[in-house]
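Quick caveat, the model's predicted, so the values are computed rather than measured. Heads up: numbering here begins at 1 and tracks the sequence.
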Amino acid sequence: MDAIEQLNRDMLPFAKLLGIRFVTATPECVTAEMKVREDMCTRPAILHGGAMMALADTLGGCATSLNLRDGAMTTTIESKTNFIGPAMVGTTVRAECVAIHRGRRTMVWQTRVTSENGKLLAVVTQTQMVLPGEPQK
């Protein structure tokens, strides 16, 4: 099974709730789309910053998982978001998460969230800790 099939099949429950749809997936880059629904918005009807951050965090975690050795896990240990512009209700945002560093103990990812017409909405940089799996007996 390829990476994109795996991510869409084994969707995290929160990612499913957000309506995230993975578009491409390699160990170096993961992209996804998310429709901006009314229940994800602030007032006026624009995407809540937490929803945008959750989209990016999901991609960073999934990108890390594509680089893990058998049995290893990951968790986010740091995340920073710069909000640039709004995403209106009814539109679809696209996120592209690329590797900055893929080490044995940590991985750093940068996610750019853009509008349907390619306008930059946010830049998120996050660090994922790599948690080793249980030793084989």
Under 4.5 Å between side-chain heavy atoms, hopping through other hydrophobics if needed: is there a path connecting [X] to [Y]?
X: L7; Y: L17; result: yes
X: M53; Y: V108; result: no
X: M34; Y: L12; result: no

Taking all non-hydrogen atoms of both residues, which atom of [X] and which atom of [Y] are closest, and how far apart?
X: C29; Y: E96; result: SG-CG, 3.7 Å
X: C97; Y: A63; result: SG-CB, 4.2 Å
X: R37; Y: V89; result: C-CG2, 3.7 Å
X: S65; Y: C62; result: OG-O, 2.6 Å
X: A95; Y: T111; result: CB-CG2, 3.9 Å
X: T26; Y: V30; result: O-CG2, 4.0 Å

Next item on the list: Tell me who clusters with I84, hydrophobic residues only, linked when side chains sit under 4.5 Å apart either directly or through other members.
Entry: L120, V123
Check: Cluster partners of V130, using ILVMFWY side-chain heavy atoms under 4.5 angstrom, listed by chain and number?
Finding: L68, M107, W109
When rounded to the nearest 0.5 angstrom, what is the spacing between [atom1] in [X] and [atom2] in [Y]?
X: I46; Y: M40; atom1: CD1; atom2: CE; answer: 13.0 Å
X: L18; Y: M11; atom1: CG; atom2: CE; answer: 10.0 Å
X: H101; Y: T127; atom1: NE2; atom2: OG1; answer: 9.0 Å
X: R112; Y: N82; atom1: CZ; atom2: CG; answer: 11.0 Å
X: Q128; Y: S79; atom1: CD; atom2: OG; answer: 8.5 Å
X: N67; Y: T74; atom1: CG; atom2: OG1; answer: 10.0 Å

side-chain hydrogen bond (donor to acceptor under 3.5 Å, both in side chains) against [X], all qualifying residues, sequence neighbours excluded:
X: T114; answer: none
X: T81; answer: none
X: T24; answer: T31
X: K119; answer: none

Check: Taking only residues two or more places apart in sequence, or in another chain, which ones meet E28 in a salt bridge (charged side-chain N to carboxylate O under 4.0 Å, His left out)?
Finding: R102
For [X], enumerate each residue passing the side-chain contact (heavy atoms from CB on, under 4.5 Å) test, keeping only those at least two apart in sequence or located in another chain.
X: L121; result: M52, A87, V93, V113, S115
X: E33; result: R21, V23, T92, R94
X: M129; result: T75, I77, L131
X: A32; result: I20, F22, L59

Next item on the list: Please indicate whether F14 has more than 12 foreign heavy atoms, meaning atoms of other residues, nucleotides or ligands, lying under 6.0 Å from its CZ.
Entry: no
Checklist line | Pairwise side chain to side chain donor-acceptor pair (under 3.5 Å) hits with a residue in residues 52-61, at least two apart | finding: D57-T76, D57-Q126
